[in-house]
J.: 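Just dropping this structure here.
Residues take their numbers from the sequence shown, with the count starting at 1. This is a predicted model, so every value here is computed, not measured.
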Amino acid sequence: MANGKLSGYICLSIKTMTSIFVGNGGSEFFSPNGVPVIPGSSIRGMVKNIFKIVTCGAMRSDKEDSDFNDKHLYFRAMAAKKGGDVKKCYLRQAYTSRVKKENVQAGFLIHNKVENQYYMVYTIVKEMKGRAAEVNAKSPSIYWENSGVTTYTGPMKGGRNPKSHYTIHELPNWSQKVLVEQEVVEAYKTDETRKGVDIFTSPYCKRNGEAVDFTGDSEIDFVAPCFFMEENGHIGHFGYGRFYRIPYRQSIGMAVPKGLQTDTIDYTDAIFGRKELWGSRLSFENAVCTSGRAAQENLAYARILSNPKPTSFQLYLKQDDPTQIMHWDSNGARIRGYKMYWHKRMSWKNQEQKDSTMCPHPIHPVKSGQVFKSRIRFERLSRDELGALLKVFEFAQKDKDICFKIGQGKSIGLGSIRVEAMLKLDGDSYYKQLFDDSGQWHTAETSADFSKYVAEFEEKLKSGLSKEDYHRYQIAQGELSHMLDWKNTTRPDWENKTTAMSINDPEKPFQYRWVLPTARKV
């Protein structure tokens, strides 16, 4: 103890309630010495996630340690037909209010390799009609000719919805070009949900020598016909066909309350550190199995895991009115909070034939019922800082059925653990001698109670929040406890209540954009 600051350990006993898997980049569990251990970095991530919630921490898009990726998402399902689902039509209206036929212009996207800049070259486009008897295009394609460039955005015959129109871009004056800002290009490239033709990876476009021959300019190493729109005096977006997908005007960060994006030092910064400014006062040890070697499941393929889809705004944004679904460009759009997963007793294994693209290799999880030991070393924490850290574990101190999630596969039932914590503080003689009277390492640690430190943190938190904000904080903590409650897994029909939505569901939850209910409603 120095100048009123506290140092010591939080000793952790971790029991696996379900199978858990922390990978090493392949099939095997993390085993640096040939023996499976839960890495300290995974424990740190788990603790930090809950810590940010219980301390009302900042939510930032820092490159070094981001809570969210602040980017512009792209519209999906913007072509919903009138008279269809009201939620899709609401998005369709938002799309058509910006994309009008008279506002969409034709051009060629080019890249100048000397300047390393993209430009748009204006041109004239002809709208052509065609059917199967006239046009033989069976897929999206581009035909480069001396008279112009013919573009088919899809098959002109066969398939479910053959196209009835195609376009011809006339050859332009290559000197009439406008800069396409790099952030517009990056927004297009990082659109992870794009399907169909991607201009930059398309085999239909001309590159290098072919681009030079077509444009007659030795500095041009890429050229592609496309459509685009100007917004606020700049080229705001572009796409392959006339009615292409456009980005939302508002980025993800604009739905995060400004107060959460503050640069003010919060508890997380103070304790866990900021890489570019100062180090952490916490150290997380690997968790080692008490039986020597943790029992593992047989190698098996897991149920297919897909990537998060933040374009599903009905899941990621707060929705107060089911008839007026908030999307990323809605006034007052607000994120729901931190993403978490329910505890489940379901089988994580994929009983069907594996899909090598979605599940490239089997995994070797640690079985349920295994016990691991670990420690968190803390240095020079104030009483309320220590209380904030202990608040993470106090949930489980009060209710033994409160469990956490760690590792991969959380959405398919993996990763549930029960954590018991014990506080040990350094004694006054901790730094005064190296060995004790028997010649052993001198520890001078004393066990201590959680409650007084947690109480000091809660008092400081309460004094810093308004009465209304503190009430909302308590509601949020109740929701968090409910999400962490292992007893939920014994509720009737729990697996069906918490199952992931399926594209094969006859009720079509994706198409009708079912709103994600709150934890209490589930």
J.: Let me see the working for E231 and R98 under salt bridge (charged side-chain N to carboxylate O under 4.0 Å, His left out), right down to the final yes or no.
T.: CA-CA 9 Å; E231 291 186 334; R98 289 174 58 190; 3.4 Å; yes
J.: Does the side chain of H343 pick up a donor-acceptor pair with the side chain of S416 at under 3.5 Å?
T.: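 Yes - a donor-acceptor pair under 3.5 Å links their side chains.
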J.: Output, in order, the C-alpha distance, side-chain angles, deciding distance and verdict of side-chain hydrogen bond (donor to acceptor under 3.5 Å, both in side chains) for H234 and E181.
T.: CA-CA 8 Å; H234 300 274; E181 296 176 357; 3.1 Å; yes
J.: Measuring only between side-chain heavy atoms, which start at C-beta, is F214 closer than 4.5 Å to V212?
T.: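 No. Closest side-chain heavy atoms not under 4.5 Å.
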J.: Are any of the side-chain heavy atoms of Y122 and Q105 separated by less than 4.5 Å?
T.: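 Heavy-atom side-chain distance check passes, below 4.5 Å.
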J.: If we ignore hydrogens and angles and just use 3.5 Å, is the side chain of S31 paired with the main-chain N or O of F29 as donor and acceptor?
T.: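 Between the backbone of F29 and the side chain of S31 there is a qualifying donor-acceptor contact (under 3.5 Å).
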J.: Between the main-chain N or O of V35 and the side-chain N or O of N33, is there a donor-acceptor pair closer than 3.5 Å?
T.: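 No, because the side chain of N33 does not come within donor-acceptor range (under 3.5 Å) of the backbone of V35.
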J.: I would like to know whether Y301 and H361 meet ring-ring contact (aromatic ring centres under 6.0 Å, His included); could you show each step before the answer?
T.: CA-CA 7 Å; Y301 286 93; H361 52 72; 8.2 Å; no
J.: If I compare all heavy atoms of E297 with all of S19, which pair ends up nearest, and what's the gap?
T.: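 E297 and S19 have their closest heavy atoms at OE2-OG, 2.6 Å.
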J.: Any heavy-atom pair between the side chains of V522 and W342 that's under 4.5 Å?
T.: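 Counting from C-beta outward, W342 and V522 do come under 4.5 Å.
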J.: Centre of F222's six-membered ring, under 6.0 Å away, within 45 degrees of the axis: is that where NZ or CZ of K206 sits?
T.: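 Ring-cation test returns no.
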J.: Within a radius of less than 6.0 Å around CG of D321, do more than 12 heavy atoms belonging to other residues, nucleotides or ligands occur?
T.: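 Count over threshold, so yes.
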J.: Take K52 and D67, measure what salt bridge (charged side-chain N to carboxylate O under 4.0 Å, His left out) needs, and give me the verdict at the end.
T.: CA-CA 10 Å; K52 290 177 76 73; D67 298 298; 3.6 Å; yes
J.: If you count every heavy atom of other residues, nucleotides or ligands that lies below 6.0 Å from K189 atom NZ, does the total exceed 12?
T.: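 Yes, the 6.0 Å shell around NZ holds more than 12 heavy atoms from other groups.
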J.: Without hydrogens or angle criteria, can the side chains of Y316 and K309 be said to hold a donor-acceptor pair below 3.5 Å?
T.: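 Judged by distance alone, the side chains do not pair up.
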J.: Do N286 side-chain atoms and G40 backbone N/O form a donor-acceptor pair below 3.5 Å?
T.: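 Yes; judged by distance alone, with no hydrogens or angles, the pair exists.
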J.: Can you name the nearest heavy-atom pair linking D269 to W278, along with the distance?
T.: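 Taking D269 first and W278 second, the nearest heavy atoms are O-NE1, 2.8 Å.
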J.: Hey, is the main chain of T498 close enough, under 3.5 Å, to the side chain of K344 for a donor-acceptor pair?
T.: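 Yes; at least one donor-acceptor contact below 3.5 Å.
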J.: As an exercise, state the distance from CZ of R44 to OG of S280, rounded to the nearest 0.5 Å.
T.: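 Answer rounded to 0.5 Å: 5.5 Å.
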J.: If you compare all heavy atoms of W328 against all heavy atoms of A255, which two are closest, and at what distance to 0.1 Å?
T.: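 It is CZ3-CB, 3.8 Å.
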J.: Is a side-chain N or O of S141 found less than 3.5 angstrom from the main chain of Y152, in a donor-acceptor match?
T.: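 The answer is no, because no donor-acceptor pair under 3.5 Å joins these two groups.
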J.: Would you say CG of L299 has more than 12 non-hydrogen atoms from neighbouring residues, nucleotides or ligands within 6.0 angstrom?
T.: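 Yes, because the 6.0 Å sphere around CG of L299 holds more than 12 heavy atoms from other groups.
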J.: Please report the interatomic distance OG1(T55) to NZ(K48), rounded to the nearest 0.5 Å.
T.: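 Taking OG1 in T55 and NZ in K48, the distance rounds to 10.5 Å.
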J.: If you look at every heavy atom in Y267 and A388, which pair is closest and at what distance?
T.: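 Taking every non-hydrogen atom into account, CD2-CB, 4.1 Å.
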J.: Assess the side chains of D217 and T215: does a donor N or O sit below 3.5 Å from an acceptor N or O?
T.: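 There is no such pair between these side chains.
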J.: Under 3.5 Å, side chain of S330 to main-chain N/O of H327, donor-acceptor pair present?
T.: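 At least one qualifying donor-acceptor pair exists.
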J.: Looking only at heavy atoms, which two atoms of Q314 and R513 are closest? And how far apart?
T.: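 It is OE1-NH1, 3.0 Å.
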J.: So, for H169 and F108, is the gap between ring centers shorter than 6.0 Å?
T.: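 That pair passes the under 6.0 Å test.
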J.: Check for me whether R245 meets the cation-pi criterion with Y95, that is, NZ or CZ under 6.0 Å from the six-membered ring centre and within 45 degrees of the ring axis.
T.: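 Geometry flag: not set, cation outside 6.0 Å or 45°.
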J.: Mark yes or no for whether R242, through its side chain, and E127, through its backbone, hold a donor-acceptor pair below 3.5 Å.
T.: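 No, the answer is negative, given that no donor and acceptor are paired below the 3.5 Å cut-off.
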J.: Among Y188, Y74, F227, which one satisfies ring-ring contact (aromatic ring centres under 6.0 Å, His included) with F238?
T.: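 Answer to the ring-ring contact (aromatic ring centres under 6.0 Å, His included) test with F238 among Y188, Y74, F227: Y188.
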J.: For the CD atom on E145, are there more than 12 heavy atoms of other groups (residues, nucleotides or ligands in this structure) within a distance under 6.0 Å?
T.: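 Atom CD in E145 is crowded, with more than 12 foreign heavy atoms closer than 6.0 Å.
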J.: Using a distance-only test with no angle check, is there a side-chain donor-acceptor pair under 3.5 angstrom linking H111 and Q117?
T.: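 Side chains of H111 and Q117: no pair found under 3.5 Å.
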J.: Can you check whether G407's main-chain N or O pairs, donor with acceptor, with K410's side chain at less than 3.5 Å?
T.: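 Pair found, side chain donor or acceptor close to backbone of G407.
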J.: Starting from the C-alpha separation in whole Å, work towards a yes-or-no answer on ring-ring contact (aromatic ring centres under 6.0 Å, His included) for Y118 and F200.
T.: CA-CA 11 Å; Y118 284 93; F200 294 102; 5.3 Å; yes
J.: Find out whether R274 and F272 are in side-chain contact, i.e. whether some heavy atom of one side chain is under 4.5 Å from a heavy atom of the other.
T.: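 Sidechains of F272 and R274: no contact.
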J.: Taking all non-hydrogen atoms of both residues into account, name the closest pair between V149 and P225 and its distance.
T.: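 Here V149 and P225 meet closest at CG1-CG, 3.7 Å.
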J.: Would you sort out whether L73 and F313 count as a side chain to side chain contact (heavy atoms under 4.5 Å, CB included), showing the intermediate values?
T.: CA-CA 10 Å; L73 300 171; F313 44 78; over 6 Å; no
J.: With no hydrogens and no angle check, just 3.5 Å: does a side-chain donor-acceptor pair link E219 and N112?
T.: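 N112 and E219 do have a side-chain donor-acceptor pair below 3.5 Å.
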J.: When the ring centroid of Y248 is compared with that of H72, is the distance short of 6.0 Å?
T.: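 Here the rings of H72 and Y248 have centres that are no less than 6.0 Å from each other.
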J.: Kindly indicate, with the supporting measurements, whether the criterion ring-ring contact (aromatic ring centres under 6.0 Å, His included) is fulfilled by F75 and Y244.
T.: CA-CA 9 Å; F75 277 69; Y244 58 87; over 10 Å; no
J.: Just by distance, no angles: are the side chains of H364 and N298 close enough, under 3.5 Å, to form a donor-acceptor pair?
T.: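 N298 and H364 do not have a side-chain donor-acceptor pair below 3.5 Å.
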J.: What distance do T150 atom OG1 and M128 atom CE have between them, rounded to the nearest 0.5 Å?
T.: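 The CE atom of M128 is 8.0 Å from OG1 of T150, to the nearest 0.5 Å.
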